[in-house]
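Remember, predicted model here, so these are calculated numbers, not experimental data.
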Amino acid sequence: MPDAISLLDAVAQAELVRRGEVKPLELVEAAIARIEDLDPRLGAVIARQFERARAAAAAPDLPDGPFRGVPLLLKDLGAHLDGDPVHCGMEALKRADWHASGETYFAAKLRRAGFVGLGRTNTPELGLLPTTEPRAHGSTCNPWKTTHSAGGSSGGSAAAVVSGMVAAAHASDGGGSIRIPANHCGLVGLKPTRGRNSFGPDLGERWAGFSVEGVVTRSVRDTAALLDVTSGAMPGDPYAAPPPARPFLEEVGAPPGRLRVGFLKSAPRDGETHPDCVAAVEGAARRLESLGHAVEESSPEALQDAAAVGAFVTVITSCTARAIDAWGEKIGRTLGEDDVEPLTWALVQMGRGYGASQYVAAVEFTHAFSRRLASWWQGGFDVLLTPTCAAPPPPLGHFEPAPDNPLQGFLRAVPFSVFTTHFNATGQPAVSLPLHQSGEGLPIGVQLVAATGREDLLLRVAAQLEEAHPWAERLPEVHASRR
């Protein structure tokens, strides 16, 4: 039987509860039924916390926040509630049956807003690939075409949202891991400004500040409303984003004014860009122009600097080596080659090969590179428009390494992250919007990037595009409303 609630965003579901038209437990039971029906085909949810969710939804002390009773899923990397299983896509943690003690600030803010956590979503091992096919939990399939990737590293969350299991899900982004799954699955994926959401209390930062916590949603207003819930500095945070002038939700529908938009069609450093991805940017440029914005082909010259890629790799491989050591300390034994996937071990070995001075030099280079990029926005541009990815969603198995080359999958990731990683390095906000489709009918997103702290501007122009060219009625092959 079709599920009409599966077509509603989180704001609309919360409104049903506020008006007394549906009870929180009814929303939760409906979401559980959708997961049980759809997930065997998609592999998006790797840990189900259904009894805890039922108890929370029925409890008289369910927080009376703006999303009271709305079901939510958390990615199995980063944010967690007390007692959640935490595997980070790793077989070693799965075998150890590791569970969280305490909750992260990010998850606690969602809980206090009234969200009810249903479980954890699939992610590649340590979030290292733009696909979700970990050895620990198997592949997450794209609901538009189940032979294809849902993206990564937040692929489980993206598949769950676009299929209608839940209206929104936690995601995180260290090199494109919110925006790439949003691109592949036809969702809104905002990477917030560095420091907008806290990693506390366990961590101050991840990947030297490259990584951020966020969500994937189907509507711009959900993205804004959830950012209002999760954002804000917490005690002990090493840094924080500039506070917004007003709630982010108030930016949705607010006139953005006449913006100066630059666009880039070709992947930096002469990389190839698939014609469908070029068409997506050209179409978005025309749409922005029709909305009254000044649009021209222009982009920061610093994007062409190949040294930025080397610095990025130095940082993430060094941090991956530390992550393996840290998890070994938590489970009480040293993790070795047999405990992780071949790619992970190769990156760990690479990271261990860098000295402390080389790591600090990479961070210093990244800071200088960020200033060079920022000068383009300081020079008068408001927004940069690019493809989110340089290629359409690939088939599952595309990143499988050759037996004699464990890094092959990592190298094949380049077309999917070439437009995204630089803005993890700079910490700027960037959003992927589902404005196009490939010749095969798969989603193709475009990326909008603003200056540091300007999520408000991105939300205004994203909402303007959503109103002028809505995407909500486009549904994938596997969706709860088709049951």
Side-chain angles (χ1 to χ4, degrees), residues 28 31-32 35-36 39-40 42-56 71-108 110-111 115-129 131-140 152-157 159-160 165-166 169-172 174 177 199-203 206 211 213 319-345 347-348:
V28 166
I32 289 172
I35 293 171
E36 290 178 332
D39 200 52
L42 298 177
V45 183
I46 58 95
R48 301 179 179 189
Q49 305 286 78
F50 292 166
E51 292 310 311
R52 183 183 70 182
R54 287 179 171 119
L72 184 86
L73 289 163
L74 296 175
K75 177 182 177 180
D76 184 34
L77 184 65
H80 56 73
L81 295 166
D82 188 34
D84 273 350
V86 175
H87 301 160
C88 301
M90 298 175 64
E91 273 192 320
L93 297 184
K94 181 182 177 183
R95 287 196 300 268
D97 194 26
W98 180 261
H99 283 68
S101 176
E103 59 187 3
T104 62
Y105 292 145
F106 187 92
L110 291 169
R111 179 182 56 77
F115 279 110
V116 178
L118 296 181
R120 310 280 284 172
T121 62
N122 204 7
T123 187
E125 189 166 76
L126 293 176
L128 292 171
L129 280 174
T131 191
T132 302
E133 305 174 54
R135 190 167 65 189
H137 295 290
S139 299
T140 294
S153 64
S154 307
S157 289
M165 294 184 200
V166 291
H170 161 240
S172 57
S177 291
F199 276 114
D202 300 334
L203 296 173
R206 267 200 327 237
S211 184
E213 298 277 45
C319 291
T320 301
R322 171 56 192 155
I324 292 296
D325 292 344
W327 278 114
E329 293 163 8
K330 289 179 181 178
I331 66 175
R333 66 179 182 86
T334 300
L335 295 178
E337 183 174 4
D338 293 340
D339 292 305
V340 296
E341 297 174 17
L343 169 63
T344 303
W345 189 248
L347 295 178
V348 167

| said: Can you give me the closest heavy-atom contact between Gly336 and Trp345, atom names plus distance? | reply: C-CZ3, 3.5 Å
| said: Can you tell me which residue among Asn122, Ile46, Val45 is in a side chain to side chain contact (heavy atoms under 4.5 Å, CB included) with Asp76? | reply: Ile46
| request: Grab the two heavy atoms, one from Ala53 and one from Val28, that are nearest each other, plus how far apart they are. | output: CB-CG1, 4.1 Å
| request: Report yes or no: does His80 contribute a side-chain atom to a donor-acceptor pair with the main-chain N or O of Gly102 at less than 3.5 Å? | output: yes
| query | Counting N and O atoms only, with roles assigned by atom type, does the side chain of Glu213 sit under 3.5 Å from a partner on the main chain of Phe106, one being a donor and the other an acceptor? | reply | no
| query | Side chains of Arg52 and Asp84: does their closest heavy-atom pair fall under 4.5 Å? | reply | yes
| said: Rounded at 0.5 Å granularity, tell me how far NE2 in His87 sits from NE2 in His137. | reply: 5.0 Å
| query | Salt bridge between Glu341 and Arg135, side-chain N to carboxylate O under 4.0 Å? | reply | no
| query | Which atom pair, heavy atoms only, marks the closest approach of Asp39 to Ala44? | reply | OD1-N, 2.6 Å
| note | Closest non-hydrogen contact found for Leu77 with Arg120 is N-NH2, 3.8 Å
| message | Any non-hydrogen side-chain atom of Ser172 less than 4.5 Å from a side-chain atom of Arg206? | response | yes
| request: List the atom of Leu74, the atom of Ala107, and the distance in Å for their closest heavy-atom pair. | output: CD1-CB, 4.3 Å
| Interatomic distance, Thr344 atom OG1 to Leu126 atom CG [nearest 0.5 angstrom] | 5.5 Å
| task | Considering non-hydrogen atoms only, spot the tightest contact between Thr132 and Gly152 and give its length. | result | OG1-CA, 3.7 Å
| Which distance, rounded to the nearest 0.5 Å, do you find between the CG of Leu110 and the CZ of Phe115? | 6.0 Å
| task | Report yes or no: does Thr104 contribute a side-chain atom to a donor-acceptor pair with the main-chain N or O of Gly200 at less than 3.5 Å? | result | no
| field | Between OG1 on residue Thr320 and CG on residue Asp325, distance to nearest 0.5 Å | value | 11.0 Å
| task | For the residue pair Met90 and Ile324, establish whether any side-chain heavy-atom pair is separated by less than 4.5 Å. | result | yes
| Taking it one step at a time, do Val86 and Trp327 satisfy side-chain contact (heavy atoms from CB on, under 4.5 Å)? | CA-CA 11 Å; Val86 175; Trp327 278 114; 3.8 Å; yes
| said: Is there a side-chain contact (heavy atoms from CB on, under 4.5 Å) between Met165 and Leu42? Walk through the geometry before answering. | reply: CA-CA 11 Å; Met165 294 184 200; Leu42 298 177; 3.7 Å; yes
| task | Identify whether the distance between the nearest side-chain nitrogen and carboxylate oxygen of Glu91 and Lys94 falls below 4.0 Å. | result | no
| If only atom types and distance count, is the side chain of Ser177 paired as donor or acceptor with the main-chain N or O of Ser154 below 3.5 Å? | no
| For the side chain of Ser157 and the backbone of His170, is there at least one donor-acceptor N/O pair under 3.5 Å apart? | yes
| task | Evaluate the side-chain contact (heavy atoms from CB on, under 4.5 Å) criterion for residues Glu337 and Asp339: first the C-alpha distance (whole Å), next the side-chain angles of each, then the deciding distance (0.1 Å), finally the verdict. | result | CA-CA 5 Å; Glu337 183 174 4; Asp339 292 305; over 6 Å; no
| remark: When rounded to the nearest 0.5 Å, the distance separating CG of Leu203 from OH of Tyr105 is 11.5 Å
